[in-house]
Amino acid sequence: MVSNTRLIEFKDIKNTESRDGYMGHLVPIEAESDIPFAINRIYYIADVPEGQVRGFHSHNDLEQVLICLHGSVTVKISTPFEEEHIVLDRLNKGLYIGPMVWREMYDFSQDAVLLVLASKHYDEADYIRDYPAYCRQAEGYFKGGE
Ligand code: TYD
């Protein structure tokens, strides 16, 4: 995986004891165990028109976990040294993105609902939105892509 990123597989409970038959999915998520940080903010993205791409930024000091609750979306995660495209299409699949990783979200299905759990409150000053500036900072941060 790209540095400062990883996939998290949450428990997917499909059978409830003492009840018969398929009951649907129940996915429990506990902060600071299933999620490697204390959750201080959640937000969700929905109804993204076909062809729209969101993101195009990095954060200096923010951790996030992205979970697609309905439909599907693809997330490009990159540093100046690495790049990956992760399809989020399962209720129990989370994408952890730590500091200094560039992200772009694309290929939203029409019904996609993307939930984001974040370690801090919204702070525009923490964003790096200028790609050349991001590359300069990230090259130093990742020191050659280890
Ligand atoms: P932005 O993070 O740029 O969205 P995306 O990366 O998905 O394209 O945020 C879009 C707008 O929403 C921007 O004006 C900032 C605002 N915003 C908040 O006010 N609070 C939040 O928690 C977030 C994530 C965004």
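As the structure lists them, so they are numbered: ligands from 1, and atoms in each ligand from 1.
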His121-Asn40 side chain donor-acceptor pair, cut-off 3.5 Å: no
Closer than 4.0 Å: a protein non-hydrogen atom to atom 21 (C) of ligand 1: yes
Exam field: side chain Asn4 to backbone Pro99, donor-acceptor pair closer than 3.5 Å: yes
For atom 8 (O) of ligand 1, the protein heavy atom that lies nearest, with its residue and separation: Gly55 N, 3.2 Å
Protein residue, atom and distance nearest to atom 10 (C) of ligand 1, heavy-atom basis: Arg54 NH2, 4.1 Å
Main-chain N/O of Lys120 paired with Arg41 side-chain donor or acceptor, under 3.5 Å: yes
Contact bool for atom 3 (O) of ligand 1 (protein heavy atom, d < 4.0 Å): yes
Ser58 side chain to Val101 backbone, donor-acceptor under 3.5 Å: yes
Mutual orientation of the aromatic rings belonging to Tyr131 and Trp102 [parallel < 30°, tilted 30-60°, perpendicular > 60°]: perpendicular
Ligand 1 contact on Gln52 by region, counting heavy-atom pairs under 4.0 Å: neither
Whether Arg54 side chain and Gln52 backbone form a donor-acceptor pair below 3.5 Å: no
Glu124 with Arg129: basic N within carboxylate O range, under 4.0 Å: yes
For atom 9 (O) of ligand 1, closest protein heavy-atom neighbour: Tyr127 OH, 4.2 Å
Partner of Ile97 by side chain to side chain contact (heavy atoms under 4.5 Å, CB included), out of Ile86, Leu66, Val116: Leu66
Within-shell test, Phe56 vs ligand 1, heavy atom, strictly < 4.0 Å: no
Ligand-residue contact atoms, ligand 1 with Arg41, heavy atoms, under 4.0 Å: 21 (C), 22 (O), 23 (C), 24 (C)
Plane angle bin for Phe142 and Phe81 - parallel if under 30°, tilted between 30 and 60°, otherwise perpendicular: perpendicular
Protein heavy-atom partner closest to atom 6 (O) of ligand 1 - residue, atom, separation in Å: His57 CE1, 2.8 Å
Any Arg103 heavy atom less than 4.0 Å from ligand 1: no
Proximal candidate to atom 18 (C) of ligand 1 [heavy atom criterion; set Tyr43, Tyr44, Tyr122]: Tyr122
Protein non-hydrogen atom below 4.0 angstrom of atom 12 (O) of ligand 1 present: no
Residue portion contacting ligand 1 (non-hydrogen atoms closer than 4.0 Å) for Val116: neither
